[in-house]
**Q** 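First the structure, then my questions, so here it is.
No hydrogens, no waters, no symmetry mates; every other heavy atom, side chains included, goes into these values. The chains referred to below are lettered A, B, ... by the order of the sequence lines, with proteins before strands, and numbering in each begins at 1.
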Amino acid sequence: MEAAVNEIVAKYNYWIYVVLMMIGFYAMIGKRNLVKKLLGMNIFQTAIILFFVSTGVKKGGNIPIVDKYQALAGGVDAATIVNPLPHVLMLTAIVVGVSVTGVALAVLLRIYKEFGTLEEDEILEKLQR
Amino acid sequence: MSTTNLHLFVMVVPLLSALAINLFGRSNRFLIAPLVLGSLTFSVFGSILVTGRVLRDGPISYTVGNWQPPFGIELVVDPLSAMMMVLIAVVALLASFSSLQSVAKELPGREAFFFTLYMILIAGLFGLVLTGDAFNLYVLLEITSITTYGLVAMGPGRAARASFNYIIMGSIGACFYLLGVGYIYILTGTLNMADIARILPTLNAPGATATSIAFVLIGLWIKMAFFPLHGWLPTAYGYAPTGAGTMVAPLMTKVTVYLMIRVILSVYTPALVFANGWLANGVLWAAAIAIVSGSSLALGQKDLRHMLTFIIVAEVGYMVGGVFLANANGLTGAVLHIVNDALMTLCLFLVVAAIVYRQGSVSLSSMQGIFRRMPWTMAAFVLGALAMIGVPPTCGFFSKWYLILGGIDGGHWEFVIALVISSLINVVLFFRVIEIGYFGALEDGGHHGPVQYQEAPGWMLNPLMLTAVLLVVVGLSTGPLVNNLIRLIVPAGF
Amino acid sequence: MKNLALLATLVTGTLLLLGTRDFPAWGDPQAPASTYLSPVYIEKAVEQTHVPNIVTAVLGDYRGYDTMFETVVIYCAGMAVLSVLRRNRKEE
Amino acid sequence: MRDINEHTSGEDLIIKTAVRLMVPFAQLFGLYVIVHGHYSPGGGFQGGVILGAAFIMLALAFDMKTSQQYMPIRVNAIFSNLGATIFVGVGALCALFGGLFLDYSALDRLIPLGPIEWRSFGIFLVEVGVGFAVMSIMVLLYWNLSSGGTMDEGL
């Protein structure tokens, strides 16, 4: 019992992000409205970003900005500062997410002009005609 | 220019020329062709020089920004990536001649945007084969994907919907890959491929490792349109502008197959991936189904280009299956098939581009009597078709031979039978097209007269002829290619 | 279709949750991610680049190659949107 | 006549005045975030987004033409190319001056500041490039998506 509680306390953040990811994933593959699919993609990407950033957390850590002269003179104690690498990676991933969303919105505009609707069923109906 | 940075310039020159095309090409579109052809020619020669250096001195490890590998981003040029660089450069150069012509006709006024995306896509592909860093690979995967979404969506009519499907599927693939990398990062604390390969076997974390393998592989399979996940490919490549199809279709899936090989060989190590027999068995069955169903779905198509897109799905099955045979012959066949399939697909898509340029459509009904109108183009088509079927001495035969040998070595008869069936279906497929083109009654000529000779323009025809010749040349030089290059790639344990 | 999507979601989610069993606890200072690369970045970044913001130092220098492609990605997005949508009012 | 126009297009005196006042400060803050990225949270991407938001705010409060008076389409194109070129160009320059790609300390041979100072300054240069590219692309995305590609009117 105690082991299970410890496991929950130690990992619950990952589980929350996994649930969030799966909400986005379900929207991407299960929803029939194209905008909802796009929103699902954004939820998925945001959940991944949260997931990565949470790997950088250190209990009691400070932000990764140090005092320049103090650092040059005496060095930095790495244990007091959170891991900067996930932040860097996720800055890049955020930009990628923004770019994909922009392109997808442009494509959605084209689809709307073509078919007059963003419901997949109605588009398929129009295609078969 | 020192030769230390040469392989990077192979990637950077197309990238810079893409920026230059956007800046200057918008106002003066006569600058586009020299910039595209010039930078790609540079890449061809640069990549050949790099390959020579790799074969002479062994793999190059390069650190961007002069930081030690686990801290900075490492680039690795080993024989496999050097070979892929040459392949990408050659295919991109040959395709760009044809693209320049068909884009000028299909998308007037948007050439500058098209070729900006086109050149960034090529630079991204070079980056993908160079990189030795798992996260960098994700960023480059997204660059190649975003440019492809844009290129596909530039097509008319249904292209936008095809592109949106591709965006959703491609994003799922990329997100899965990123998740897999995240799991490795939490376990090992590093992103460098060689470093991961060193640390991962020492950890005792079977669950998380298996999850990350599954997610990375599924992500890459979505991106390469492996069988159950192939839904986006036929529409995306079928409705893309012709000029985009000639370059995207031969390269994108093959580079992703390369990435899968790279991930298996130098991130997870084969010992870990093939430790469980059921994974390889399952993938081989999926590959066998991919091959048969891709070929049979192609039978139902009434348009040459859509037929070819389903053949690409089948060919992805060949290569994935070859890798998961997990023996030397299978891997040799898969790597050889990457080269051969890129050239065969290029040849066939260049034929499609030439026909579309002249008559606007490649539906089978519009190809009646095409042999009399475009004899040289169709001669190249016949050669490409023979290679796809696997008739010696064209290159398609040799890679299939290795794949079949690998299948027999591993005792995977389902894969061998699927290969044979698919070759037979390809015979039916291509001879149907050849029959329509050769014996089909000419469309009612009316006021045009009975036979009109309408060969493609020289800028499209000559690269096509060169590609067709390359099919035979590569086929005949299979022996040296395998002995000098591909044997170096196969790891010792195989 | 919906059931299939739900099934795929559940399978994926279960796989991800099972994978977390091998993870170090959240915020554990002894986790591999916190002990392998990051101490070196934190201790050496200021000395090697004279940039007190370690995130900027890693973003711009140690992993500058990623950031270059990040810029190219957003540039691509702009050009893709332009090429997909751009038209003049006259063309309508 | 003028009043009716202003009313129908949904423009509001308060919003217009507020935006007119806010835009210079928003731009200044964007530049601060880019330049001060070495010492505080910030950098090219974040600052670029703030700079882009300033122009988008103009387009929202007035109309697209007004924002294009402050940043014409041509200038936008030049900025986006310039931003990407600065980054790739700095990297290529490092390689041409005998270092490895993106090894800013190699630029010490160009202007001797000291290799470590050059690393700091190189990061600054590329952040400026990122800022330019992100600013112009954000504005471009807004213009295109809100007008459906005509870039003359819309929200």
**Q** Check whether B:Y149 gets within reach of chain C through its side chain, its backbone, both or neither, counting any heavy atom under 4.5 Å.
**A**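 When you check distances to chain C, no heavy atom of B:Y149 falls under 4.5 Å.
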
**Q** By a 4.5 Å heavy-atom criterion (distance strictly below it), what part of B:L121 contacts chain C: side chain, backbone, both, or neither?
**A**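 Contact with chain C: none, neither part.
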
**Q** Calculate, to the nearest 0.5 Å, the distance between atoms CG and CG belonging to B:L203 and C:D22 respectively.
**A**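 Spacing of CG (B:L203) from CG (C:D22) equals 9.5 Å.
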
**Q** Check whether C:T35 gets within reach of chain B through its side chain, its backbone, both or neither, counting any heavy atom under 4.5 Å.
**A**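 No part of C:T35 comes within 4.5 Å of chain B.
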
**Q** What part of B:M119 lies closer than 4.5 angstrom to a heavy atom of chain C: side chain, backbone, both or neither?
**A**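 No part of it gets close to chain C.
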
**Q** Which value, rounded to the nearest 0.5 Å, describes the distance between B:L15 atom CG and C:Y75 atom OH?
**A**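 Result: 9.0 Å between the selected atoms.
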
**Q** Check whether B:L75 gets within reach of chain C through its side chain, its backbone, both or neither, counting any heavy atom under 4.5 Å.
**A**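 Looking at B:L75, just its side chain touches chain C.
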
**Q** Carefully, step by step, assess C:Y62 and B:I73 under the rule side-chain contact (heavy atoms from CB on, under 4.5 Å).
**A** CA-CA 7 Å; C:Y62 293 92; B:I73 291 173; over 6 Å; no

**Q** Taking all non-hydrogen atoms of both residues, which atom of B:A214 and which atom of C:L15 are closest, and how far apart?
**A**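 Looks like CB-CD2, 4.2 Å.
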
**Q** What's the separation between atom CG in B:N22 and atom CG in C:L82, rounded to the nearest 0.5 Å?
**A**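 Rounded to the nearest 0.5 Å, the CG-CG separation comes out at 8.0 Å.
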
**Q** Under a 4.5 Å heavy-atom cutoff, which of B:T147, B:L107, B:L140 has the most pairs with chain C?
**A**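 Heavy-atom pairs under 4.5 Å are most numerous for B:L140.
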
**Q** Just how far is it from atom OG1 of B:T131 to atom CG of C:D66, taken to the nearest 0.5 Å?
**A**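 The CG atom of C:D66 is 8.0 Å from OG1 of B:T131, to the nearest 0.5 Å.
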
**Q** Look up atom CD1 in B:I21 and atom CE in C:M79, then write down how far apart they are to the nearest 0.5 Å.
**A**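 Going from the CD1 atom of B:I21 to the CE atom of C:M79 covers 12.5 Å.
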
**Q** When only pairs under 4.5 Å are counted, which of B:N66, B:T211, B:N204 shares the most heavy-atom pairs with chain C?
**A**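 Highest number of heavy-atom pairs under 4.5 Å: B:T211.
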
**Q** As an exercise: rank B:L117, B:T209, B:T116 by heavy-atom pairs under 4.5 Å with chain C and give me the winner.
**A**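 Maximum pair count with chain C is reached by B:L117.
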
**Q** Heavy-atom cut-off 4.5 Å, strictly under: side chain, backbone, both or neither for C:S34 against chain B?
**A**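 No part of C:S34 comes within 4.5 Å of chain B.
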
**Q** Using non-hydrogen atoms only, which part of B:L151 is less than 4.5 Å away from chain C: side chain, backbone, both, or neither?
**A**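 Nothing of B:L151, per the 4.5 Å heavy-atom cut-off to chain C.
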
**Q** Taking all non-hydrogen atoms of both residues into account, name the closest pair between B:I120 and C:C76 and its distance.
**A**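 Residues B:I120 and C:C76, closest heavy atoms: CG2-SG, 3.4 Å.
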
**Q** Can you name the closest pair of heavy atoms from B:A208 and C:G19 and give their distance?
**A**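 For B:A208 and C:G19, the tightest heavy-atom pair comes out as CB-O, 3.3 Å.
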
**Q** Using heavy-atom distances under 4.5 Å, tell me whether B:I199 contacts chain C through its side chain, its backbone, both, or neither.
**A**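 For B:I199, side-chain heavy atoms alone lie under 4.5 Å from chain C.
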
**Q** Starting from the C-alpha separation in whole Å, work towards a yes-or-no answer on side-chain contact (heavy atoms from CB on, under 4.5 Å) for B:L191 and C:R63.
**A** CA-CA 11 Å; B:L191 292 162; C:R63 297 191 72 87; 3.9 Å; yes

**Q** Can you check whether C:P32 reaches B:L187 side chain to side chain, under 4.5 Å on heavy atoms?
**A**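 No. Closest side-chain heavy atoms not under 4.5 Å.
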
**Q** Does any backbone or side-chain atom of B:D195 lie under 4.5 Å from a heavy atom of chain C? Answer side chain, backbone, both or neither.
**A**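 Answer is side chain: those atoms of B:D195 sit under 4.5 Å from chain C.
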
**Q** In this structure, which one of B:T63, B:L8, B:D133, B:V139 forms a side-chain contact (heavy atoms from CB on, under 4.5 Å) with C:Y65?
**A**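 Single pass found, and it is B:L8.
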
**Q** Among C:D61, C:V58, C:L18, which residue forms the greatest number of heavy-atom pairs with chain B at distances under 4.5 Å?
**A**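 When all of C:D61, C:V58, C:L18 are compared, C:D61 has the most.
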
**Q** Which pair of heavy atoms, one from B:G150 and one from C:A80, lies closest together, and at what distance?
**A**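 Heavy atoms only, the tightest pair is CA-CB, 4.0 Å.
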
**Q** Could you report the tightest heavy-atom contact between B:Y183 and C:L16, atom names first, then the distance?
**A**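 Taking every non-hydrogen atom into account, OH-O, 2.7 Å.
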
**Q** Taking it one step at a time, do C:Y36 and B:T188 satisfy side-chain contact (heavy atoms from CB on, under 4.5 Å)?
**A** CA-CA 8 Å; C:Y36 183 38; B:T188 63; over 6 Å; no

**Q** What part of B:Y138 gets closer than 4.5 Å to chain C, counting heavy atoms only: side chain, backbone, both or neither?
**A**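 When you check distances to chain C, no heavy atom of B:Y138 falls under 4.5 Å.
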
**Q** Considering all heavy atoms of both residues, which atom of C:S83 and which atom of B:F113 are nearest to each other, and what is their separation?
**A**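 In this case the closest contact between C:S83 and B:F113 is CB-CB, 3.5 Å.
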
**Q** Measure B:A159 against the heavy atoms of chain C and call it side chain, backbone, both or neither at under 4.5 Å.
**A**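 No part of B:A159 comes within 4.5 Å of chain C.
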
**Q** I'd like to verify something: which residue of B:P70, B:G109, B:G124, B:G65 has the highest number of heavy-atom pairs under 4.5 Å with chain C?
**A**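 Maximum pair count with chain C is reached by B:P70.
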
